[in-house]
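No experiment lies behind these values; they were computed from the predicted model shown. Order of the sequence lines fixes the chain letters, A, B, ..., with proteins taken first and strands second; residue numbering starts at 1 for each chain.
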There are 2 protein chains.
Amino acid sequence: MSVSAKSMAPAEPVTLHQRIRADLEGKILSGEWKPGHRIPFEHELMVQYGCARMTVNKVIGGLVAAGLIERRRRAGSFVIQPRIQSAVLEIPDLSSEIAARGEAYGYRLLSRRLRVAAGTDLAESGMIAGEGVVELRCLHLADGRPFAVEDRLIALAVVPEAASVDFSQTAPGSWLLGHVPWTAAEHRISALAAGAREARDLDIAKGAPCLCLERRTFRAEQTITYARQLFRGDAYNLVARFSPKG
Amino acid sequence: MSVSAKSMAPAEPVTLHQRIRADLEGKILSGEWKPGHRIPFEHELMVQYGCARMTVNKVIGGLVAAGLIERRRRAGSFVIQPRIQSAVLEIPDLSSEIAARGEAYGYRLLSRRLRVAAGTDLAESGMIAGEGVVELRCLHLADGRPFAVEDRLIALAVVPEAASVDFSQTAPGSWLLGHVPWTAAEHRISALAAGAREARDLDIAKGAPCLCLERRTFRAEQTITYARQLFRGDAYNLVARFSPKG
DNA sequence: CTCGCCCATATGTGTAGACATGAGCGCGGC
DNA sequence: GCCGCGCTCATGTCTACACATATGGGCGAG
């Protein structure tokens with residue numbers, strides 16, 4: 001912190017690692033090294049930067065992990081061909097999302113039932129027929145105004161504690177996040193028109209467009225929970241960013 | 001590990017790296033080490049696995065990069081509190097997306113203009129006032145039925161070739177993907193009601209819910225292109241998957 | 001009892017060297 | 001001319017060591 005003004009340049013890399021990495025990344029991202037280009041051998045880079053091979057190796061390893069470079073034994077390391085546009089979609093906890101917007105988060109439990117999974121919820125929720133589930137319906141509020149309505153199923157076979165939790169104060173998403181480790185999740189994003197009930201809960205007109213986020217969370221092969229969150233179309237949008245830097 | 005049946009375990013890790021990594025990952029993902037838990041010191045792991053500290057260090061470094069672990073000097077390394085659910089959203093080219101559904105892809109250019117960026121498009125599109133742009137409006141069809149309508153701006157300062165391309169046969173997305181390298185993209189997903197023109201183009205009722213995908217693509221600090229794709233709410237949804245193994 | 005300095009310690013970074021692995025390519029044999 | 005064996009070289013993995021750096025906690029001074 002000795003320095004005065006750093007302008008907005010976010011502190012240029014100081015360690016050898018970072019300098020080399022930034023250098024190589026720059027060459028790739030600027031297009032100076034096009035996809036398919038063979039980058040210098042580790043041996044050459046080691047001479048060029050005056051460091052040990054291990055250091056170069058570690059840097060290139062990082063670039064491989066970041067999906068920028070591919071390595072082939074005996075042949076060398078090559079700049080990779082970007083194949084699909086993939087973006088990291090960050091799906092935060094609703095309470096922190098709303099807090100981040102500078103609004104007051106509110107939560108209300110609309111209904112809670114213990115029942116057995118059957119019929120319609122099976123296909124989309126991934127629940128197993130005959131399995132005990134907690135069924136919740138709750139409302140998320142921002143500055144007192146309805147923000148999203150959430151329908152959730154929690155599999156009791158995987159999370160038996162959920163049967164005895166009172167969700168009237170804690171949102172099920174937050175509770176699960178803190179209590180149950182998960183290994184995979186699947187999201188589906190769609191747009192649909194608010195039905196009569198959703199319209200009433202969200203305080204919008206029937207038929208108004210809503211953003212619908214469905215999420216199934218797994219642990220190993222078991223479905224832990226299924227959630228369907230319906231957002232007012234005029235009040236929310238998801239943002240995803242992608243940059244090869246990670 | 002001399003055990004008999006491996007069940008479905010796909011080729012257990014062979015190098016020390018991979019064994020240690022798989023071990024630690026397993027402990028974290030299974031929940032044996034909960035968020036906040038301090039994992040053994042590098043020194044301890046080095047003794048436990050009978051290897052050099054560099055090796056352990058590299059593994060933990062990888063777990064940090066994967067977002068599973070946080071390191072604090074003097075204090076140790078800790079299992080991270082999953083704060084946000086981040087998912088990888090794969091945004092394929094529309095033609096391949098439709099082909100993957102087994103439908104025939106169709107494309108129609110509705111309008112094409114060369115003009116100067118100004119007024120309303122500036123804020124959301126990231127275009128610079130006074131900059132020349134190509135403005136396109138086109139339709140994507142699946143099995144002959146309207147699937148999505150796309151409004152696109154392409155910055156001529158960055159992609160001058162775009163001025164002389166006839167987009168009546170090639171969708172701008174595909175063309176850009178193959179001709180212009182990009183370094184970052186930003187997506188916004190929302191739901192909105194179809195206006196009169198969109199309703200006509202998509203052959204749906206005015207006010208029907210649509211999924212709206214806005215995308216800005218950058219190269220360094222420059223905006224290359226801005227696209228706004230409007231999907232029939234009843235015909236499309238985005239799918240994203242996440243698994244911590246990456 | 002409280003505040004602040006100092007040090008032990010765990011991670012961060014880097015070196016020099018060693019052996020393993022596997023693919024490209026030339027050379028020799030057929 | 002063609003095929004395959006084996007050499008070579010670049011990456012892959014790992015070790016043992018060394019010094020840098022930040023910080024938590026203990027200890028001593030006030």
Side-chain angles (χ1 to χ4, degrees), chain A residues 1-3 6 10-25 27-28 33 35-81 245-246, chain B residues 1 10-25 27-28 33 35-81 246:
Chain A
M1 283 304 132
S2 49
V3 201
K6 266 180 212 156
E12 74 177 24
V14 278
T15 72
L16 201 43
H17 260 144
Q18 296 170 322
R19 281 207 314 105
I20 301 178
R21 164 119 192 198
D23 240 43
L24 300 185
E25 253 181 10
K27 292 226 168 82
I28 295 171
W33 288 346
H37 176 87
R38 209 213 72 220
I39 75 173
F41 297 126
E42 292 190 0
H43 176 72
E44 297 174 297
L45 289 172
M46 155 187 159
V47 171
Q48 180 179 332
Y49 290 101
C51 65
R53 192 168 74 94
M54 192 65 169
T55 307
V56 170
N57 187 326
K58 213 167 167 182
V59 169
I60 299 189
L63 293 174
V64 169
L68 283 176
I69 277 183
E70 175 199 14
R71 318 184 77 168
R72 288 207 297 272
R73 274 167 185 272
R74 163 75 207 196
S77 303
F78 300 82
V79 177
I80 227 164
Q81 202 87 18
K245 287 192 177 185
Chain B
M1 283 302 125
E12 71 179 26
V14 278
T15 72
L16 200 45
H17 259 148
Q18 297 170 321
R19 282 208 314 106
I20 301 178
R21 164 116 190 201
D23 239 44
L24 300 185
E25 252 182 12
K27 291 226 168 83
I28 295 170
W33 288 345
H37 176 88
R38 209 213 71 219
I39 75 172
F41 296 126
E42 292 190 2
H43 176 72
E44 297 174 296
L45 290 172
M46 152 187 161
V47 171
Q48 180 180 333
Y49 290 100
C51 66
R53 193 166 78 92
M54 193 63 162
T55 308
V56 171
N57 187 323
K58 210 167 168 183
V59 170
I60 298 189
L63 292 174
V64 169
L68 283 176
I69 277 183
E70 173 200 16
R71 318 183 76 167
R72 289 206 296 272
R73 271 164 186 271
R74 160 76 209 199
S77 302
F78 299 81
V79 176
I80 227 163
Q81 200 83 24

Test side chain to side chain donor-acceptor pair (under 3.5 Å) applied to T15(B) and R19(B), Q18(B), H17(B), the passing residue: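 Of the listed options, the one satisfying the test is Q18(B).
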Closest-nucleotide ordering on DNA chain C, the 5'-leading residue of A75(B) and A75(A):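 The residue whose closest nucleotide sits nearer the 5' end is A75(B).
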Check the distance between [N]'s [atom2] and [X]'s [atom1] and give it to me in whole angstrom.
| X | N | atom1 | atom2 | answer |
| --- | --- | --- | --- | --- |
| I60(B) | dT13(C) | CD1 | C1' | 15 Å |
| K58(A) | dG14(C) | NZ | P | 8 Å |
| I69(A) | dA10(D) | CD1 | P | 17 Å |
| R72(B) | dG25(D) | CZ | P | 11 Å |
| R38(A) | dA23(C) | CZ | C1' | 15 Å |
| N57(A) | dT15(C) | CG | C1' | 14 Å |
| L16(B) | dA16(D) | CG | P | 12 Å |
| E70(B) | dA10(C) | CD | P | 18 Å |

Test side-chain contact (heavy atoms from CB on, under 4.5 Å) applied to V59(B) and L16(B), step by step: CA-CA 10 Å; V59(B) 170; L16(B) 200 45; over 6 Å; no
Worked check of side-chain contact (heavy atoms from CB on, under 4.5 Å) between H37(A) and K27(A): CA-CA 11 Å; H37(A) 176 87; K27(A) 292 226 168 82; over 6 Å; no
Distance below 4.0 Å between H43(A) side-chain N/O and dC9(D) OP1 or OP2: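 Indeed not, no polar side-chain atom of H43(A) lies that close.
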Non-neighbouring partners of R74(B) that pass salt bridge (Lys or Arg N to Asp or Glu O under 4.0 Å), sequence neighbours left out: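 Not a single residue meets the salt bridge (Lys or Arg N to Asp or Glu O under 4.0 Å) criterion with R74(B).
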Qualifying salt bridge (Lys or Arg N to Asp or Glu O under 4.0 Å) pairs with a residue from residues 58-68 of chain A, counting only residues at least two apart or across chains: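 Every pair satisfying salt bridge (Lys or Arg N to Asp or Glu O under 4.0 Å) with a residue in residues 58-68 of chain A: there are none.
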Pairing residues for A75(B) by the side chain to side chain contact (heavy atoms under 4.5 Å, CB included) criterion, not counting sequence neighbours: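 If we apply the side chain to side chain contact (heavy atoms under 4.5 Å, CB included) test to A75(B), skipping adjacent residues, the hits are R72(B), F78(B).
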Criterion side-chain contact (heavy atoms from CB on, under 4.5 Å) on Y49(B) and T55(B), from CA distance to verdict: CA-CA 10 Å; Y49(B) 290 100; T55(B) 308; over 6 Å; no
Quick one: which protein N/O atoms are closer than 3.5 Å to N/O atoms of nucleotides 20-22 of chain C? Pair and distance per line, please.
{"from": "dT21(C)", "atom 1": "O2", "to": "R73(A)", "atom 2": "NH1", "distance (Å)": "2.2"}

Taking every non-hydrogen atom, the tightest pair across S77(B) and I60(B):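 Residues S77(B) and I60(B), closest heavy atoms: OG-CG2, 4.2 Å.
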Minimum-distance nucleotide (side-chain atoms of R71(A) versus dG12(C), dG12(D), dT13(D)):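 Comparing dG12(C), dG12(D), dT13(D) against the side chain of R71(A), the answer is dG12(D).
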Between side-chain atoms of residues 38-45 of chain A and protein atoms elsewhere (two or more places apart, or another chain), which donor-acceptor pairs fall under 3.5 Å?
{"from": "E42(A)", "atom 1": "OE1", "to": "R53(A)", "atom 2": "NH1", "distance (Å)": "2.7"}
{"from": "E42(A)", "atom 1": "OE2", "to": "R71(A)", "atom 2": "NH2", "distance (Å)": "2.0"}
{"from": "E44(A)", "atom 1": "OE1", "to": "F41(A)", "atom 2": "N", "distance (Å)": "2.8"}

Proximity to DNA chain D (any heavy atom under 4.0 Å), residues of residues 47-56 of chain A only: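 Here the set is R53(A), M54(A).
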